[in-house]
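Take a look at the structure below.
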There are 2 protein chains.
Amino acid sequence: MTYTTGAAEDYLKTIYAHTEWQTDLITPSALAVRLGVAPSSVTEMVKKLAASGLITHVPYGPLALTDAGRLRATAVVRRHRLIETWLVGEMGYDWDEVHDEAEILEHSISDRLLEAINARLGFPAHDPHGDPIPAADGTVQRPAALLLADAEVSHSGTVLRISDRDPAVLRELAADLIGPGTQFTLAAPFTIVLADGQSRLVTPAAARSIWVTA
Amino acid sequence: MTYTTGAAEDYLKTIYAHTEWQTDLITPSALAVRLGVAPSSVTEMVKKLAASGLITHVPYGPLALTDAGRLRATAVVRRHRLIETWLVGEMGYDWDEVHDEAEILEHSISDRLLEAINARLGFPAHDPHGDPIPAADGTVQRPAALLLADAEVSHSGTVLRISDRDPAVLRELAADLIGPGTQFTLAAPFTIVLADGQSRLVTPAAARSIWVTA
DNA sequence: GCCAAACTTTCGGCAAACCGAAACCTCGCT
DNA sequence: AGCGAGGTTTCGGTTTGCCGAAAGTTTGGC
Ligand SMILES: [Fe+2]
Ligand SMILES: [Fe+2]
Ligand SMILES: [Fe+2]
Ligand SMILES: [Fe+2]
């Protein structure tokens, strides 16, 4: 019924994350890859999550969160992002260093401590990578976004978020002073011009990590 | 070899805690009671801890930490007490509210985050209950102490620590403005006179939670 | 010195997560 | 329609940590 182990939270969070910036549903094998787990482990957990009413699943089909599952998932994402924001804002971490610590703490911090952190930070709307922090009721403020790699040449916009999956990309972009809020024009593939006229070459990996206004 | 699950940490910590303010060794059954676990579970974990060289144990005998075990235990205690100090010092918790949260976080915080917290707090030597915070090398500064319940009438001294086992006792003492550092004279059993001349009646439960200078 | 109470260990079992190998579907392509 | 590749599930097995019941050990009191 109230099935909320750390493992289950990770499955829910990952299912949620997959649909946050794209629309297709995640498959069991993709989930296995993302979680670094064998496909058979996914099958097993999927059965438990479905039995608890947190996801829907037809055999051999993809996975989808129920309303209850989405609420549970956004709660975990909320914890994760508030913790990341706190680590950068108060504890002297750089934005490429926070993900792993948050990955662990998100499962052990109490609601009370989380809200104390939230209040100290002034109720931030975004984490250091530009990801929206879900509200306690599960609501998420998410602007229309486009992967930089998919943007057309001459596209102008603002950087909305940068995936924190690859710390090397984050360090590279920090060195180039590119982050959420950076305004740019795509001059040529992988070449952006910033507001101050400086141009920057972004690596393909970075272009696949940067989401910009549509 | 490097056996460090959260469960094992709790066993080590509890074995350590038992000898921190008294000298006798803990028995398996006492450990079971403290951990809220069946005696057979203790036997099992004890075998693993002994096999890992963290405790010594002769069958049917009491338990003792090895040097390696004590180092592991003090590391956990250090985490626990720094977290408690942080929750009170920065996050708006009262001293009767921190123990349970610390009990969980002590197993998931990284060394790096712990040291960041430590630095923010100014490297405190004691937690909110007056318990000494072990150094990173396992060293503990521990003054000679005496349970208030065991002190003789007319004994004068300073409150050193108050066990955080019973939150009700902590709230009661906070209301009476008694805490680590409070100077007193034991006027009669369960009756102490404070430095300002006011006298206080402490409950038997409190007298068994308060440790004072010898 | 013996014996029963009290404590400790052994034993079989359970639940959560994980795995690999083997069986099983699906779907696209011919 | 048929077939096979690739994705999914089933199955048996592992580890960690827990349990209760039963068996074994220690020890204090008579
Ligand atoms: Fe993250
Ligand atoms: Fe993030
Ligand atoms: Fe505590
Ligand atoms: Fe404490």
Side-chain angles (χ1 to χ4, degrees), chain A residues 1-15 18-19 22 24-65 69 72-73 76 100 103-104 106-108, chain B residues 1-16 18-19 22 24-65 69 72-73 76 103-104 106-108:
Chain A
M1 175 97 133
T2 6
Y3 179 50
T4 324
T5 71
E9 286 184 346
D10 279 336
Y11 280 81
L12 292 174
K13 182 186 59 168
T14 306
I15 295 168
H18 185 261
T19 39
Q22 49 214 72
D24 60 317
L25 297 176
I26 195 168
T27 60
S29 56
L31 185 53
V33 170
R34 285 258 208 123
L35 288 169
V37 125
S40 51
S41 303
V42 171
T43 302
E44 191 174 288
M45 181 63 87
V46 157
K47 272 192 287 195
K48 289 192 253 184
L49 294 174
S52 308
L54 296 168
I55 66 175
T56 57
H57 177 235
V58 295
Y60 296 96
L63 311 171
L65 293 170
R72 207 70 74 76
V76 180
D100 293 351
E103 202 65 27
I104 292 171
E106 68 192 6
H107 304 299
S108 34
Chain B
M1 175 83 160
T2 7
Y3 178 50
T4 325
T5 70
E9 285 184 347
D10 279 336
Y11 279 82
L12 292 173
K13 183 185 59 168
T14 306
I15 294 168
Y16 172 82
H18 186 261
T19 39
Q22 49 213 72
D24 60 318
L25 297 176
I26 195 168
T27 60
S29 56
L31 185 52
V33 170
R34 285 255 210 127
L35 289 169
V37 125
S40 51
S41 303
V42 171
T43 301
E44 191 175 286
M45 181 63 87
V46 157
K47 271 194 287 198
K48 288 192 252 184
L49 294 174
S52 308
L54 297 168
I55 66 174
T56 57
H57 177 234
V58 295
Y60 296 95
L63 311 171
L65 294 171
R72 208 68 74 75
V76 180
E103 202 66 27
I104 293 172
E106 69 191 5
H107 305 300
S108 35

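Every heavy atom of this structure was used, including side-chain atoms; hydrogens, water molecules and symmetry mates were not. Residue numbers start from 1 in every chain, and the chains themselves are labelled A, B, ... in the order their sequence lines are given, proteins ahead of strands.
- One finds no side-chain N or O of K48(B) lying less than 4.0 angstrom from the OP1 or OP2 phosphate oxygen of dT15(D).
- Taking the side chain of T43(A) as heavy atoms from C-beta on, and the options dT9(C), dG17(D), dT8(D), the nearest nucleotide is dT8(D).
- Here the C1' atom of nucleotide dT10(D) and the NZ atom of K47(A) are 7 Å apart, to the nearest Å.
- Listed by chain and number, the residues in a side-chain contact (heavy atoms from CB on, under 4.5 Å) with A38(A) are S40(A), S41(A) (sequence neighbours excluded).
- Counting only heavy atoms from C-beta on, Y11(A) has its side chain closest to dC18(C) among dA17(C), dC18(C), dT9(D).
- Straight-line distance from the CG atom of L12(B) to the C1' atom of dG17(D): 15 Å, rounded to whole Å.
- A 4.5 Å side-chain heavy-atom check between D24(B) and H18(B) finds at least one atom pair inside the cut-off.
- Side-chain contact between L31(B) and L63(B): present, with at least one pair of heavy atoms (C-beta onward) separated by less than 4.5 Å.
- Taking atom CG of L49(A) as the reference point, atom P of dT9(D) lies 13 Å away to the nearest angstrom.
- For P59(A) and A8(A), each mapped to the nucleotide of DNA chain C holding its nearest heavy atom, the one lying further toward the 5' end belongs to A8(A).
- Using a 4.5 Å heavy-atom threshold, the side chains of E103(A) and K13(A) count as touching.
- With distances taken from any side-chain atom of E44(A) to the nucleotides dT10(D), dC19(C), dG17(D), the minimum falls on dC19(C).
- Here dC7(C) presents its C1' atom at 14 Å from CD1 of I26(B), a figure rounded to the nearest Å.
- In this structure, NE2 of H107(B) is placed 18 Å from P of dT16(D), rounded to the nearest angstrom.
- What separates CD of E9(B) from C1' of dT16(D) is a distance of 15 Å, to the nearest Å.
- Residues H107(A) and D10(A) are in side-chain contact: their nearest non-hydrogen atoms beyond the backbone lie under 4.5 Å apart.
- In this structure, M45(A) places its CE atom 14 Å from C1' of dC19(C), rounding to the nearest Å.
- Residue Y60(B) places no side-chain N or O under 4.0 Å from the OP1 or OP2 atom of dA23(D).
- When the side-chain nitrogen and oxygen atoms of Y3(A) are compared with OP1 and OP2 of dA15(C), none of them lie within a distance under 4.0 Å.
- For DNA chain D, the residues of residues 29-41 of chain A within the heavy-atom distance limit of 4.0 Å (strictly under) are S29(A), P39(A), S40(A), sorted by number.
- Taking the salt bridge (Lys or Arg N to Asp or Glu O under 4.0 Å) definition, one finds that E44(A) meets it with nothing, sequence neighbours left out.
- Looking at heavy atoms from C-beta onward, Y11(A) lies in side-chain contact with V37(A) at the 4.5 angstrom threshold.
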